[in-house]
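Beneath this line is the structure, given in structure tokens, with notes to follow.
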Amino acid sequence: QELEEARSWEGARDVRPLDRNVRRWGGLLLPNNPPYNTGAFRFELTFSPNHPLEPPCATLRTPIYHPSVDLEGRVCQPLTTDVHWDPATRAIQVLQDLLLQLDSPDPQRVLRPDVARQLQEHPEEFWRRAEEHTRLHAEPRPE
């Protein structure tokens with residue numbers, strides 16, 4: 001049921017179990033705001049065997065120039081930390097929160113301090129580099 005909900009959401013495409021494993025989903029996120037909205041970003045959502053008591057883990061498989069996403073694709077997503085996790089939270093809400101984070105880079109949610117510093121101190125350089133990185137690495141947006 002949660003998978004069908006994610007599949008029908010307009011913020012993602014091609015959401016499906018990976019390797020026939022219902023605990024690992026993959027798909028494409030479609031950001032709404034520049035500079036990321038010119039591409040699509042492959043994600044993976046991994047669920048613990050104890051889900052929904054434990055939060056899922058979201059990882060971006062497409063490289064992105066963003067202060068909240070490290071070079072391995074791990075995301076600083078407070079919603080999925082043990083402190084903030086609520087077992088009633090649905091997978092679609094995790095994906096919506098992830099997309100909102102991509103659309104609005106926040107220098108307070110930091111996994112890459114250098115990128116966050118650049119966003120605060122030299123925003124025009126940050127946006128230029130993020131746009132170039134998106135052009136080089138993001139997948140084409142599906143129709």
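Computed from a prediction, not measured in an experiment: that's the story for all the values here.
- There is no side-chain donor-acceptor pair under 3.5 Å between S48 and H51.
- Cluster membership for Y65 and V110, using ILVMFWY side-chain heavy atoms within less than 4.5 angstrom, is not shared.
- Under the 3.5 Å distance criterion, with hydrogens and angles disregarded, a donor-acceptor pair is assigned to the side chains of D103 and N32.
- The minimum heavy-atom distance between A40 and L30, with the atom names listed, is CB-CD2, 3.7 Å.
- Applying the salt bridge (Lys or Arg N to Asp or Glu O under 4.0 Å) rule to pairs touching residues 124-135 yields E125-R128, R128-E132, sequence neighbours excluded.
- Y36 is linked by a ring pair (Phe, Tyr, Trp, His ring centres under 6.0 Å) to H66, counting only residues two or more places apart in sequence or in another chain.
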Exercise. Please walk me through it: do W25 and F43 pass ring-ring contact (aromatic ring centres under 6.0 Å, His included)?
Worked result: CA-CA 8 Å; W25 297 359; F43 72 87; 8.4 Å; no

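- By the 4.5 Å heavy-atom criterion applied to side chains, T59 and R61 are counted as neighbours.
- The pair R24-D19 meets the salt-bridge criterion, since a charged nitrogen lies less than 4.0 angstrom from a carboxylate oxygen.
- Residues V75 and V94 are members of one and the same hydrophobic cluster, defined by side-chain heavy-atom contacts under 4.5 angstrom among Ile, Leu, Val, Met, Phe, Trp and Tyr.
- Taking hydrophobic clusters as Ile, Leu, Val, Met, Phe, Trp and Tyr residues chained together by side-chain heavy-atom distances below 4.5 Å, V15 shares a cluster with L99.
- In the hydrophobic cluster analysis, where Ile, Leu, Val, Met, Phe, Trp and Tyr join through side-chain heavy atoms closer than 4.5 angstrom, W127 is grouped together with V115.
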Exercise. D106 and Q101: side-chain hydrogen bond (donor to acceptor under 3.5 Å, both in side chains), yes or no, with the steps?
Worked result: CA-CA 7 Å; D106 181 351; Q101 222 172 311; over 6 Å; no

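- Hydrophobic clustering (side-chain heavy atoms under 4.5 Å, transitive across Ile, Leu, Val, Met, Phe, Trp, Tyr) keeps L79 apart from L100.
- Summarising the local packing, CG of D82 is surrounded by 12 or fewer heavy atoms from other residues, nucleotides or ligands at distances under 6.0 Å.
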